[in-house]
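Below is one structure, written out as structure tokens, with a few remarks after it.
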Protein chains: 8
Amino acid sequence: RRTGFPEIIFAQGKTPVQTAAIFRRLQASGKPVLATRVTREQADAVQNVTPDVEYDDVARLLRWWPPERPQTMRPGFVAVVCAGTADLPVAEEAAGTAEFLGSPVERVYDVGVAGLHRLIDQLSVLRKANAIIVVAGMEGALPSVVGGLVSAPVVAVPTSVGYGAHLNGLAPLLTMLNSCAAGVAVVNIDNGFGAGYYAALIHRSQVESTEMRDIAHGKNPAL
Amino acid sequence: RRTGFPEIIFAQGKTPVQTAAIFRRLQASGKPVLATRVTREQADAVQNVTPDVEYDDVARLLRWWPPERPQTMRPGFVAVVCAGTADLPVAEEAAGTAEFLGSPVERVYDVGVAGLHRLIDQLSVLRKANAIIVVAGMEGALPSVVGGLVSAPVVAVPTSVGYGAHLNGLAPLLTMLNSCAAGVAVVNIDNGFGAGYYAALIHRSQVESTEMRDIAHGKNPAL
Amino acid sequence: RRTGFPEIIFAQGKTPVQTAAIFRRLQASGKPVLATRVTREQADAVQNVTPDVEYDDVARLLRWWPPERPQTMRPGFVAVVCAGTADLPVAEEAAGTAEFLGSPVERVYDVGVAGLHRLIDQLSVLRKANAIIVVAGMEGALPSVVGGLVSAPVVAVPTSVGYGAHLNGLAPLLTMLNSCAAGVAVVNIDNGFGAGYYAALIHRSQVESTEMRDIAHGKNPAL
Amino acid sequence: RRTGFPEIIFAQGKTPVQTAAIFRRLQASGKPVLATRVTREQADAVQNVTPDVEYDDVARLLRWWPPERPQTMRPGFVAVVCAGTADLPVAEEAAGTAEFLGSPVERVYDVGVAGLHRLIDQLSVLRKANAIIVVAGMEGALPSVVGGLVSAPVVAVPTSVGYGAHLNGLAPLLTMLNSCAAGVAVVNIDNGFGAGYYAALIHRSQVESTEMRDIAHGKNPAL
Amino acid sequence: RRTGFPEIIFAQGKTPVQTAAIFRRLQASGKPVLATRVTREQADAVQNVTPDVEYDDVARLLRWWPPERPQTMRPGFVAVVCAGTADLPVAEEAAGTAEFLGSPVERVYDVGVAGLHRLIDQLSVLRKANAIIVVAGMEGALPSVVGGLVSAPVVAVPTSVGYGAHLNGLAPLLTMLNSCAAGVAVVNIDNGFGAGYYAALIHRSQVESTEMRDIAHGKNPAL
Amino acid sequence: RRTGFPEIIFAQGKTPVQTAAIFRRLQASGKPVLATRVTREQADAVQNVTPDVEYDDVARLLRWWPPERPQTMRPGFVAVVCAGTADLPVAEEAAGTAEFLGSPVERVYDVGVAGLHRLIDQLSVLRKANAIIVVAGMEGALPSVVGGLVSAPVVAVPTSVGYGAHLNGLAPLLTMLNSCAAGVAVVNIDNGFGAGYYAALIHRSQVESTEMRDIAHGKNPAL
Amino acid sequence: RRTGFPEIIFAQGKTPVQTAAIFRRLQASGKPVLATRVTREQADAVQNVTPDVEYDDVARLLRWWPPERPQTMRPGFVAVVCAGTADLPVAEEAAGTAEFLGSPVERVYDVGVAGLHRLIDQLSVLRKANAIIVVAGMEGALPSVVGGLVSAPVVAVPTSVGYGAHLNGLAPLLTMLNSCAAGVAVVNIDNGFGAGYYAALIHRSQVESTEMRDIAHGKNPAL
Amino acid sequence: RRTGFPEIIFAQGKTPVQTAAIFRRLQASGKPVLATRVTREQADAVQNVTPDVEYDDVARLLRWWPPERPQTMRPGFVAVVCAGTADLPVAEEAAGTAEFLGSPVERVYDVGVAGLHRLIDQLSVLRKANAIIVVAGMEGALPSVVGGLVSAPVVAVPTSVGYGAHLNGLAPLLTMLNSCAAGVAVVNIDNGFGAGYYAALIHRSQVESTEMRDIAHGKNPAL
Ligand SMILES: Nc1ncnc2c1ncn2[C@@H]1O[C@H](COP(=O)(O)O)[C@@H](O)[C@H]1O
Ligand SMILES: Nc1ncnc2c1ncn2[C@@H]1O[C@H](COP(=O)(O)O)[C@@H](O)[C@H]1O
Ligand SMILES: Nc1ncnc2c1ncn2[C@@H]1O[C@H](COP(=O)(O)O)[C@@H](O)[C@H]1O
Ligand SMILES: Nc1ncnc2c1ncn2[C@@H]1O[C@H](COP(=O)(O)O)[C@@H](O)[C@H]1O
Ligand SMILES: [Mg+2]
Ligand SMILES: [Mg+2]
Ligand SMILES: [Mg+2]
Ligand SMILES: [Mg+2]
Ligand SMILES: [Mg+2]
Ligand SMILES: [Mg+2]
Ligand SMILES: [Mg+2]
Ligand SMILES: [Mg+2]
């Protein structure tokens with residue numbers, strides 16, 4: 001595949017039978033397989049027909065690697081930042097996707113704009129990250145604050161967690177698009193997958209260009 | 001008047017002649033007069049017919065006190081916080097309104113969520129305030145951050161400053177309504193007047209209840 | 001905690017097991033504990049592991065005080081005003097939160113703008129309140145009417161009760177933000193907790209400043 | 001014409017020349033002519049070509065009656081209620097339209113929900129009206145309050161007067177559609193004409209059915 | 001009651017027990033009782049405690065008249081117009097409400113703008129009506145077409161029946177507010193009750209003014 | 001060009017100089033040239049540099065045919081229907097575009113849903129049309145009514161003509177998308193060009209398939 | 001029927017019993033019958049009372065032809081294009097409707113804008129189509145891309161498939177209305193029926209005009 | 001500065017005098033200065049007080065480098081892709097910003113989704129880019145198509161260019177957020193600056209990590 005990344009199944013709206021069939025078809029290609037938005041029921045259907053498939057029920061991800069091609073990770077890491085329990089599924093979807101695509105992840109959870117000290121305590125981790133995913137529901141202010149503290153690219157993910165004038169995530173989406181901090185780009189509401197993919201893409205491009213040069217110097221890069 | 005506060009003129013949409021006429025009528029009552037959203041043209045019309053009226057062309061406020069009843073200020077202060085130049089007219093409308101109603105104002109300008117250190121430098125001022133007005137356009141995240149740092153009531157004012165998905169202030173309005181910091185209430189977009197009035201109301205209620213007790217103890221309060 | 005108010009749990013979206021675990025953890029700190037948006041099922045989980053926790057199934061609040069630190073109330077009161085049955089859960093969330101934070105509450109229920117006499121009958125109570133919470137669904141006109149009748153700060157709470165062009169509470173939210181009565185600030189749709197917290201904050205600031213002076217005069221305030 | 005009401009010109013978007021031409025054509029039919037949303041420039045163009053046309057520059061109405069058919073008014077009246085200066089053009093458009101269609105109008109201006117006493121002072125007029133038009137911008141709460149006080153049908157007109165979350169009149173429009181008072185129906189934002197027409201229609205239907213009976217009894221009704 | 005109409009219970013959101021309790025309380029006043037938005041379960045609860053209460057499960061109305069005060073109807077009628085099956089519950093809510101309030105109803109169903117001949121076939125009925133309620137979902141064009149054909153006041157009711165860009169009734173609501181036919185006013189989406197009430201109010205005002213005159217002439221009107 | 005239709009210039013947002021330059025460049029290709037949304041100023045710039053360019057200032061179209069390739073029209077016609085003066089520019093943009101692309105146009109103007117007889121008078125023309133464009137502002141009900149009366153495909157064009165809850169054309173756009181008449185498809189608000197193009201495309205496809213057969217039978221079609 | 005097309009039942013919101021009754025009534029007319037948005041339960045109810053009715057549970061269509069009038073298809077075809085599994089129900093509703101109305105359908109599924117080669121592989125099919133239906137959820141970009149590649153009229157159908165800022169189909173609806181490719185018209189979200197009907201209408205008009213001429217030449221067309 | 005990038009002035013809403021003053025102040029720091037959204041009038045004010053400031057009136061950017069610190073560019077490039085004339089100001093703002101921050105730019109203009117061949121002709125350039133900015137108004141489909149063709153991160157910028165249901169850029173914004181191509185992140189409507197900054201950030205992070213390694217190997221990188 002052109003992107004060098006494996007095909008990914010978007011399971012939402014598929015029947016368990018359809019999901020299992022597509023999963024098996026992609027396994028047959030001999031490359032790693034990821035499925036997102038997988039319900040417990042869909043996961044069971046897949047695991048019934050093929051062993052060694054890993055299901056993460058918070059992230060709602062199904063992951064599989066061919067035995068002859070175990071997962072390898074590139075140097076450096078992606079940070080995934082969020083405020084709390086309610087945003088965890090989206091944060092974990094982002095983290096699990098980035099890991100699947102070869103980027104180690106540092107989780108910086110339980111930090112929020114209403115308790116800045118917890119965020120500031122984690123600054124040294126954030127400043128070492130190759131790319132930073134910030135997941136936020138409620139008012140969605142966290143990416144602006146993080147963006148102002150770091151120089152790595154920030155991928156902001158609004159979540160649908162909130163009520164009333166939250167409008168199922170439109171409120172934090174607008175917040176993030178209007179961020180006063182430069183260095184922030186945005187993906188769709190609840191799109192943890194998209195953010196994980198984008199951060200891994202940035203991370204890979206940093207490492208690959210290094211490796212390209214390495215290759216030019218006769219070395220054999222891991223990925 | 002029931003509220004103990006003077007009548008206020010909302011000049012927007014009135015002709016200069018109408019504005020001057022209403023201003024004079026209220027002056028005749030012998031109480032201080034405030035007009036908001038006053039254009040230079042309206043201000044000239046008023047100042048032509050009555051001397052000693054003070055016009056603030058940033059805040060777009062016209063203020064007048066009867067000679068026999070000069071302005072007095074209550075102890076303590078209201079803090080007015082904002083990020084920068086573009087929000088100044090709204091911040092000054094809030095500040096000027098609060099001052100007119102007897103609350104001294106400390107201005108904490110040029111602080112924004114993308115540069116937290118400038119905000120944190122001002123923390124000691126913020127923590128002494130009786131009430132805090134936070135004015136913000138763009139993504140409107142400032143009230144949440146301030147609300148998390150202080151225990152005084154925060155009055156949040158979204159401004160129409162921004163572009164694109166800012167929707168003329170709807171974006172920061174939604175941000176503020178969804179604030180994850182408790183202790184934040186919101187007024188209409190660009191409603192500096194409403195915020196200044198509300199903060200002065202809180203401030204007065206704090207001081208007055210003190211004074212009521214003082215009165216019960218035989219003292220004669222200033223206001 | 002900086003605010004002097006106990007930590008509060010937002011139970012919505014948490015499992016019963018998570019809720020009980022967090023509740024116990026906060027109890028261990030020896031301070032009063034409040035949880036909001038608590039379902040009957042979550043309440044059972046908490047009450048199973050810890051005695052003496054009070055559940056209010058209209059307000060959906062769980063409250064607990066350490067035996068050695070029973071609830072004390074400050075002088076004065078917060079008024080909670082609403083039109084009727086459908087708004088009761090939000091009104092009670094506001095009332096219960098304010099009480100938990102030490103503010104006695106006077107409930108002024110069953111008053112609405114289409115039956116003004118019932119509201120006017122309660123005017124003497126409203127005019128004595130230290131702060132007034134007005135909860136309204138439908139067209140959300142009540143805060144403007146109340147705001148025009150009193151001089152205490154009004155905290156307006158739109159509710160999601162209505163249908164059609166009510167847009168799940170956006171209609172009364174907009175009404176309240178556009179209030180022609182000065183002295184009205186607004187919290188999120190259905191955010192009874194936020195209103196109760198805000199009103200208690202105002203109330204406390206009025207009494208505390210009094211008490212500060214009292215303390216300066218050598219007295220030992222209750223709270 | 002089927003409705004028994006004269007043809008009416010909606011001048012908005014027409015050139016002065018077009019407006020004058022259409023006006024003259026309708027005059028030729030020998031019936032009264034009304035044009036709405038008429039600018040001063042359009043009015044001049046009409047008045048230049050035909051005498052005795054009355055222009056009201058607040059209501060932006062042009063009115064003409066054939067000499068042989070002077071205006072007659074039916075018994076009873078329509079009340080037009082509004083809060084203030086800014087809503088006057090819409091209120092006057094409503095009033096002028098109703099008058100043109102034969103309904104006398106009582107103006108009840110300068111009443112608003114934040115100053116209930118002024119409204120209540122006018123209750124006896126309101127309770128005598130055959131139909132009531134209530135014009136309101138800002139939060140649009142006035143029709144609900146009036147609707148709760150009277151038993152005549154209320155025609156509510158939201159205006160585009162306001163700012164911020166007012167959304168050019170959508171806020172009071174939603175308020176009025178969600179009115180908790182039964183007996184309120186709504187027309188488009190700023191549609192003073194539509195309200196005046198509707199109220200006159202109701203008024204006429206009340207009087208006409210009376211007159212029909214009178215006719216059956218051999219009397220010759222005025223209209 | 002000021003309006004001369006009985007109190008009405010809005011059952012939506014009430015428990016069966018609450019509904020029955022309120023229903024009985026109002027019966028005790030000796031006046032007719034109407035409840036709207038009544039589920040089968042709520043109806044059972046009421047019918048269990050009080051006999052002779054009539055439930056209409058399409059209109060979702062519960063109606064009761066005191067034995068000593070059977071329903072009487074005024075002369076003339078209200079027409080209720082709609083396109084089809086899906087709009088029937090709202091149309092019947094309107095019809096049932098108007099009937100309860102003393103206005104006979106002529107139902108003109110199964111007419112729609114895409115089949116004009118069926119509408120035109122009913123023109124003679126429509127032109128005799130004292131007031132006309134037009135209920136429409138989909139694109140909501142029917143009130144404009146009817147309004148252009150008749151001279152009685154039209155009360156337009158948008159319904160939430162539709163899908164996609166229908167936005168749960170906002171589409172026909174906007175259509176109706178923008179009606180190019182004068183003589184159309186609008187109530188909230190699905191508010192059959194409000195439309196029935198408004199039409200009965202108009203109808204009553206036509207008949208009552210007649211009767212007032214009759215009374216002045218010594219006759220004893222039916223209602 | 002693949003579509004067999006000439007290139008078209010969208011002049012909006014271009015400077016007069018840019019417009020003239022692009023116009024000349026396309027003329028050089030020897031094919032007819034159309035520019036839409038052309039201001040008088042842009043038209044002057046084009047006409048200054050190249051003769052024989054026709055400007056229609058209602059439709060805001062500039063049209064040019066190479067001398068050796070004069071315009072030919074296909075048999076049959078497209079009907080363009082609209083209610084009145086205000087919609088004329090959009091209707092004429094549609095008509096002028098269709099004509100430019102070889103479809104004769106019958107204009108059916110001054111028909112509206114509030115005066116059905118005028119529409120019905122034109123039924124025989126409408127029923128002969130190969131395709132029908134219906135342009136409507138206000139409530140946008142006309143396409144549904146026309147769609148119910150004819151069997152040709154209807155292309156509906158909402159216009160931005162209206163005020164208040166018209167939302168610059170969103171109201172009639174929604175109306176048209178929800179049309180209860182099958183056989184109606186919609187283009188963007190004010191997109192007369194798009195409707196004219198689409199109708200001409202349908203018309204051409206009808207005639208061309210005929211001609212294809214004719215060609216197969218050895219005839220030489222005009223276009 | 002005027003359109004020459006059979007009556008069609010919109011089953012959504014009808015009870016199984018109602019659906020079966022209407023279906024039988026239309027069968028009695030001796031013409032083919034189509035019902036759309038039919039649930040399995042409704043389908044059972046119809047199939048219980050009348051044999052030989054075909055149910056497609058993906059398209060949710062019920063179809064029946066009178067024995068003496070079997071389905072005939074016109075020459076040429078309509079192409080139905082979509083990206084994948086989730087859009088299939090809408091695509092099949094469109095396809096099944098067009099087939100029912102006599103247009104053969106070529107399905108071009110599993111093509112999307114993020115994998116252009118699959119679309120380009122199908123170009124020869126698309127370029128032969130008499131009309132093209134493009135169904136798309138997500139960002140809705142497919143109709144613009146297809147529209148740029150072909151000269152047949154494109155009927156675009158947005159679907160409600162997506163999440164977050166997809167707004168239940170509003171996002172692709174807006175995309176399609178703003179298409180930069182001329183030759184695209186749009187129907188309501190998920191309105192596969194409307195698109196199938198519209199494409200068949202275009203297709204029939206192409207063939208019929210041919211046949212009309214044939215008839216004039218003495219031939220007997222198939223349909 | 002933490003980000004290693006110079007301070008940038010957002011000139012919108014500032015007076016010419018304010019702009020010049022801020023510009024000079026930043027020059028005094030001896031680092032390069034960029035101002036965005038600069039009008040001709042503001043540019044004149046700056047150029048009057050300081051020489052050698054470069055103004056780009058399409059991009060509306062003012063740029064200055066200290067004589068002793070001329071601009072240096074990193075290896076590789078950012079591609080900026082857009083469809084045409086109307087999007088040029090935003091595309092040039094993006095390009096000029098990226099260049100200012102040290103990233104060479106390849107412009108791929110005049111490509112749009114309705115003419116895929118022009119885009120595909122440029123594929124080899126796109127596939128060599130370190131990051132790709134795609135600017136699009138109208139329906140905003142271009143980023144999805146580009147994202148499907150390349151593996152570099154795509155930064156999508158919706159523009160406010162369009163009309164009708166374009167909603168000043170909301171339509172393409174939603175399109176981009178719902179992109180079916182992974183590897184696309186979005187910035188605010190018309191935010192060319194934000195996109196240029198973000199792309200340069202990614203580009204720098206790719207090169208810097210390379211250089212870091214170089215440094216570890218004893219080389220002295222240019223930037
Ligand atoms: N959670 C997600 N949200 C949006 N897109 C996704 C998600 N997961 C996977 N995708 C995209 O969906 C495509 C597969 O869709 P499908 O063919 O329906 O399985 C993949 O190529 C991904 O780019
Ligand atoms: N009903 C409520 N609505 C909004 N915020 C709340 C509510 N109840 C509690 N909170 C806030 O939520 C915070 C706790 O969130 P959590 O950590 O998820 O339990 C508290 O500090 C409160 O400020
Ligand atoms: N379907 C309805 N929609 C809106 N308001 C209603 C409806 N039915 C009754 N009402 C109003 O609701 C009031 C009673 O509300 P409640 O006190 O909650 O029963 C009545 O006075 C009616 O004006
Ligand atoms: N009024 C219009 N509205 C929308 N698109 C148009 C309009 N007029 C022309 N176009 C399209 O705009 C394209 C030309 O755009 P441009 O290259 O900017 O001149 C043409 O191919 C047409 O499809
Ligand atoms: Mg940063
Ligand atoms: Mg706080
Ligand atoms: Mg007040
Ligand atoms: Mg009333
Ligand atoms: Mg009428
Ligand atoms: Mg038709
Ligand atoms: Mg095409
Ligand atoms: Mg890609």
Turns out that what part of Ile120(H) lies under 4.5 Å from chain G's heavy atoms comes down to side chain
Applying a strict 4.5 Å limit to non-hydrogen atoms, the region of Leu167(H) in contact with chain G is side chain
When every non-hydrogen atom of Leu177(H) is compared with those of Ala165(G), the smallest separation belongs to CD1-CB, 4.1 Å
Which of Pro172(G), Ser144(G), Pro143(G) passes side chain to side chain contact (heavy atoms under 4.5 Å, CB included) with Glu139(H)? Answer is Ser144(G)
Query raised in the report: Can you tell if the side chain of Val113(H) reaches within under 4.5 Å of the side chain of Cys180(G), non-hydrogen atoms only?
Result: yes
dist Met138(G):CE -> Thr175(H):OG1 (nearest 0.5 Å) comes out at 12.0 Å
Check your understanding: Should Leu170(H) and Leu174(G) count as side-chain neighbours, where that means a heavy-atom distance under 4.5 Å?
Key -> no
